[in-house]
Protein chains: 2
Amino acid sequence: MMENHIFKALADPTRRTIFEKLASADGMNASALRDGMTISQPAMSQHLAVLRDAKLVQEERQGRFVQYRINPEGLDMIVQWVARYSIFWPERVNALRQTLKEMDQ
Amino acid sequence: MMENHIFKALADPTRRTIFEKLASADGMNASALRDGMTISQPAMSQHLAVLRDAKLVQEERQGRFVQYRINPEGLDMIVQWVARYSIFWPERVNALRQTLKEMDQ
DNA sequence: CAAACACATAAGCACACACTTATGTGTTTA
DNA sequence: TAAACACATAAGTGTGTGCTTATGTGTTTG
């Protein structure tokens with residue numbers, strides 16, 4: 001909800017890594033998220049709390065595990081913010097045409 | 001340049017306000033940026049330095065003033081990052097296609 | 001039901017960060 | 001050329017942040 005919370009949550013590289021990992025899977029629990037990363041259990045838990053407070057991820061308890069997944073709408077506010085300041089600039093139009101062209105292929 | 005620098009630069013609400021102000025104008029000097037904001041001269045200078053290091057703004061000395069303006073490519077890396085993870089991005093892309101189409105007429 | 005497990009929370013610590021006041025640097029003006 | 005001006009930089013300070021260790025909470029398993 002609060003724009004600032006989302007920006008702050010994304011400002012930490014470890015949290016972005018967690019977010020990216022979640023995005024590449026279809027939901028993971030905190031332990032699964034940890035492996036491959038050098039991060040303690042409390043640190044992971046605290047990072048997930050920040051992401052959850054920013055509504056960037058959702059949690060769902062499943063037995064003694066907690067399944068985390070991306071909140072599809074979580075980035076909406078950032079998308080809108082970034083779009084305001086990156087897309088609608090005349091000097092960028094040609095670059096954008098090229099980008100869209102590449103997306104078509 | 002460095003993805004992390006950009007995210008960190010945008011994580012501060014005062015810096016986002018400065019960035020937004022610059023985007024709405026066509027270049028402003030540091031003093032012009034200050035008015036309307038409750039911020040000291042050194043604080044403004046330091047914020048501008050962070051934005052400049054993140055390559056989000058460009059500076060150009062003009063006499064004893066320094067003209068600041070948005071770097072149009074500054075947000076590119078964030079745009080790409082966000083586009084990867086937001087389901088709302090396709091809507092933005094479609095809107096953009098439409099805009100470009102209208103520009104062709 | 002006791003132990004093991006998955007995770008959250010509390011408290012403390014080191015460092016980063018955003019601000020302040022003071023001063024430095026470069027340019028213009030009177 | 002001295003003063004005024006626009007801005008940068010230095011140094012110090014309070015607060016925020018990300019980590020650690022320790023412990024708490026809830027669930028499953030033997």
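Letters A, B, ... mirror the listed sequences (proteins, then strands); counts begin at 1.
The backbone N or O of B:I39 lies less than 3.5 Å from a partner atom in the side chain of B:R34, making a donor-acceptor pair.
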For this session: Give the B/S/- string for nucleotides 19-25 of chain D, one per nucleotide from 5' to 3', where a protein heavy atom under 4.0 Å of the base yields B, of only the sugar-phosphate yields S, and otherwise -.
Result: BBBB---
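Atom C1' of nucleotide C:dA8 and atom CG of A:L51 are separated by 15 Å, given to the nearest angstrom. Per the geometry, CZ belonging to A:R64 stands 8 Å off P belonging to D:dT28, to the nearest Å. Across the protein-nucleic acid pair, A:R16 atom CZ and D:dG18 atom C1' stand 14 Å apart, rounded to whole Å. Atom CG of A:L48 and atom P of C:dA8 are 7 Å apart (whole Å). Residue B:M37 contributes atom CE, which lies 13 Å from atom P of C:dA18 at whole-angstrom precision. Atom CZ in B:R34 sits roughly 13 Å away from atom C1' in C:dT20 (whole-Å rounding). Taking atom CD on B:E59 and atom P on D:dA6, their separation rounds to 17 Å, with Å as the unit. In this structure, B:Y68 atom OH and D:dC7 atom C1' are separated by 8 Å, rounded to whole Å.
Remark: B:D26 CG is loosely packed, at most 12 non-hydrogen atoms of other residues, nucleotides or ligands lying under 6.0 Å away.
Between B:N29 and D:dA6, a side-chain N or O to OP1/OP2 separation shorter than 4.0 Å is absent.
Between A:M44 and A:M37, some side-chain heavy-atom pair lies under the 4.5 Å cut-off. Counting heavy atoms from C-beta outward, A:L10 and B:W81 have side chains that approach closer than 4.5 Å. Taking 4.5 Å as the limit, every side-chain heavy atom of A:E60 sits out of range of all side-chain heavy atoms of A:V66.
When each of B:K8 and B:Q67 is assigned the nucleotide of DNA chain D bearing its nearest heavy atom, the one mapping closer to the 5' terminus is B:Q67.
Salt bridge annotation for B:R84-A:E20: absent, with no cationic side-chain nitrogen under 4.0 angstrom from a carboxylate oxygen. Note on A:E3 versus B:R16: salt bridge recorded, some NZ/NE/NH1/NH2 to OD/OE distance being below 4.0 Å.
Residue contacts for A:R15: at a heavy-atom cut-off of 4.0 Å it reaches the sugar-phosphate backbone alone, with no base atom in range.
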